[in-house]
J.: 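I'd like to ask some things about the structure below.
Protein chains get the first letters and strands the later ones, always in sequence-line order, with residue 1 at the start of each. Side-chain atoms are counted along with the backbone in the values below, which use heavy atoms only and exclude waters and symmetry mates.
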2 protein chains.
Amino acid sequence: MPATPEVPDGKRPTLAHVAARAGVSVALVSIVMRGAYGASAASRERVLKAAEEIGYRPDTRARVLRSNRSRLLGVQFGLRHPFHTDLVEGIYAAAEPAGYQVALSAVAPTRGERQAVEALLADRCEALVLLGPEVPATRLAHLATQVPVVSVARRLRPAPPAVDVVRTADGEGARQAVDHLVALGHRAVAHIDGGRAPGAADRRRGYRTAMHRHGLDEHIQVLPGGLTEDDGARAARTLLAEKTRPSAVLAFNDRCATGVLDTFLRAGVAVPGEISVVGFDDTSLSRLAHIDLTTVAQDIPRLAELAVGRAIARLDGEAVPDGEQVVAPRLVVRGTTGPPGTD
Amino acid sequence: MPATPEVPDGKRPTLAHVAARAGVSVALVSIVMRGAYGASAASRERVLKAAEEIGYRPDTRARVLRSNRSRLLGVQFGLRHPFHTDLVEGIYAAAEPAGYQVALSAVAPTRGERQAVEALLADRCEALVLLGPEVPATRLAHLATQVPVVSVARRLRPAPPAVDVVRTADGEGARQAVDHLVALGHRAVAHIDGGRAPGAADRRRGYRTAMHRHGLDEHIQVLPGGLTEDDGARAARTLLAEKTRPSAVLAFNDRCATGVLDTFLRAGVAVPGEISVVGFDDTSLSRLAHIDLTTVAQDIPRLAELAVGRAIARLDGEAVPDGEQVVAPRLVVRGTTGPPGTD
DNA sequence: CCGCGCATCTAGAACGTTCTAGATGGCAGT
DNA sequence: ACTGCCATCTAGAACGTTCTAGATGCGCGG
């Protein structure tokens, strides 16, 4: 209380203001604010009180500038993809307890991946977590020379040396879906694929080999799809126009499956009575009661955790083995699959 | 070329490295990097070349620290709300041409609004744009004493003096929807509301007064809903269980309407043959071909533009009038509404 | 030949924090 | 009383930028 109030006029309060008010040095305030060792209980309390009174808030930018660690994880994601936004939630949940902040940078119509990544780097992120990146692998490799890079859900072949990959075993997921449908008695199982989207090639391949192993080569049918509802709807209309229709469909992802589902319902085709539908991802979409979609679950919290963990391990200089981290998928049976109808 | 290569060992290159390599002062490099006046064409070129060669990237955090302007707009949004993510796209589109960066801070299960806002302030955002904030109005008023605050889609009554509000004329939107349905010949129009969600009260009131003006008081029916698909599905099941069913439904938003739609389709109730459905927001969801939802469009790009514009105006010290900025809604007629069936 | 203005460039101090190295003071052991 | 140690505190230099104020050099009118 010896110092006068020292209200900072219109500016944001700084350590110096707090120090003046508490009658101690700036360094001591810094210690208290960081919760570091080296301050007595008495002064700790006095400093905190002063800070509270003038509404002090630490300035992360200055903090980062000084300590060469920023403890900032840059995340690039697509605003329109539920799979991405669900992952972001998992990333927050994994990063913050580990003492890392998350900087988000969205890909939007007016804002490409390049721009999104530039913004993260300019912000001094220590590592990049890219959700389903679509830039060329060489670009990723180049980025990885500057900062640890984790690609989530996008497989890279051949794997650039320094880029970590965290993904679901997409092929295995497709296999589980096919096995489930075949066990129900289906034989004509079609696949609506994801084209060149991350993961699509593996799912397509998994579908094909699973069908083959069941001796169903003649029923293999891959329809061009995509990752949006419209893509699924379009493929479903193609199926409706055919004379002999498959009794089950494995869609590239949940959004695509939702489009399929809706088109069938509109056309009066009962699901799962006349045709079964399986999605992929297990985003919040599929869990909604009125969609109730059987789907191949990606373990989103686990993917997020691995991605964050790997990024942090690299930052801590741990010698992490090269190579992908692959998470097992798990089929979640809900209401859109059942035995084939009389046919 | 007089200076030696000067490669920065393992660190990130700085202005000083570029300066050394180009054989000029740090200040001059700064000038060139900012594109400011005061450098000759020759040295400009030389500096840019040097920067390019060593892969220099400006450090926004240091930049911000020095110049007291951060030109950073903080945006709080909900990852799960398409309305929010669509708005974020609009905010990027409006802010970046105006020379402002956007810092995103998501609200997630592990991360409340308080935490989201704290992170933005610690990052030195100059203004806050909050999408559908649900914290108490007093908290917003308190924040506004520190930094300009714009509340998007959340009306505040009584309006705290310094908080700007940008919103759609929700009541008017509900009126348009009712007018449209009545013009088609509907009389029994029900409303599935949004409870305490931002905007819900206005929409409810707009629905009521519109019904009244058409002399349809006896058909006023408000069902408890919410903002998710599940909420809509639940309300739809309630309707299905009733003996006399309304011939049209106005849902709180598109997600809610989607749930309604889906439940009706599953129950074999034809839309719009037996019942018409209207949504609200015109998010990308409703525009999808297979949903094709008649909905009250919020002019999302315009809302984003106004919110950004208002924040910037405050920062530029313009004397902006207090009071809300209200954007007109516009009914978009698609495939889920039609004349009532024979009944 | 002087002085002036202009264009170009630079030194050095900020910005708000953290970190290093050391100062201070109290207390126990000799 | 001296020494040494510990706990507590502080001065001052970083960090990478921008900004202010001035230095430098050059052309040109008088």
J.: Please determine whether side-chain contact (heavy atoms from CB on, under 4.5 Å) holds for the pair B:Val147 and B:Val149, giving the CA-CA distance in whole Å, both sets of side-chain angles, and the decisive distance to 0.1 Å.
T.: CA-CA 6 Å; B:Val147 84; B:Val149 172; 4.2 Å; yes
J.: Taking atom P of C:dT18 as reference, at what distance in whole Å does atom CZ of A:Arg69 sit?
T.: 15 Å
J.: Could you give the CG-to-C1' distance, from A:Leu15 to C:dC19, as a whole number of Å?
T.: 13 Å
J.: What I'd like to find out is whether the side chain of B:Val320 reaches to under 4.5 Å of the side chain of B:Arg310, using heavy atoms alone.
T.: yes
J.: Can B:Leu72 and A:Arg61 be said to form a side-chain contact (heavy atoms from CB on, under 4.5 Å), step by step?
T.: CA-CA 12 Å; B:Leu72 196 58; A:Arg61 318 196 69 106; 3.4 Å; yes
J.: Would you say B:Arg57 and A:Gln146 are linked by a side-chain donor-acceptor pair, where the criterion is simply a distance under 3.5 Å?
T.: yes
J.: Just so I know, are the side chains of A:Pro58 and A:Met33 near enough to count as touching, which here means a heavy-atom distance under 4.5 Å?
T.: no
J.: Does a sphere of radius 6.0 Å around CZ in B:Arg114 hold more than 12 heavy atoms from other residues, nucleotides or ligands, not counting ones at 6.0 Å or beyond?
T.: no
J.: Looking only at side-chain N and O atoms, does B:Arg44 offer a donor or acceptor that is under 3.5 Å from a partner on B:Ser40?
T.: no
J.: Please check: side-chain N/O of A:Ser67 versus main-chain N/O of A:Arg63, any donor-acceptor pairing under 3.5 Å?
T.: yes
J.: If we only count heavy atoms from C-beta on, is the B:Gln101 to B:Thr60 side-chain gap below 4.5 Å?
T.: yes
J.: Is a donor from one side chain sitting under 3.5 angstrom from an acceptor on the other, for A:Ser105 and A:Arg111?
T.: yes
J.: Write down the protein N/O and nucleotide N/O pairs, taken from nucleotides 21-25 of chain C, whose separation is under 3.5 Å; answer none if there are no such pairs.
T.:
none

J.: Please give, in whole Å, the distance from C:dG16 P to A:Met33 CE?
T.: 15 Å
J.: How about B:Leu104 and B:Val102: do any of their side-chain heavy atoms sit closer than 4.5 Å?
T.: yes
J.: In this structure, how many angstroms lie between the P atom of C:dC19 and the CZ atom of A:Arg63, rounded?
T.: 10 Å
J.: According to a strict under-4.0 Å criterion, is A:Ser30 in side-chain N/O contact with OP1 or OP2 of C:dT17?
T.: no
J.: When the C1' atoms of the five terminal pairs at each end define the local axes, what inter-axis angle does the helix from C:dC1-D:dG30 to C:dT30-D:dA1 show, to 10 degrees?
T.: 70°
J.: When you check every protein heavy atom under 4.0 Å of nucleotides 7-15 of chain D, what one-letter string (B, S, -) results, 5' to 3'?
T.: SSBBB-BBB
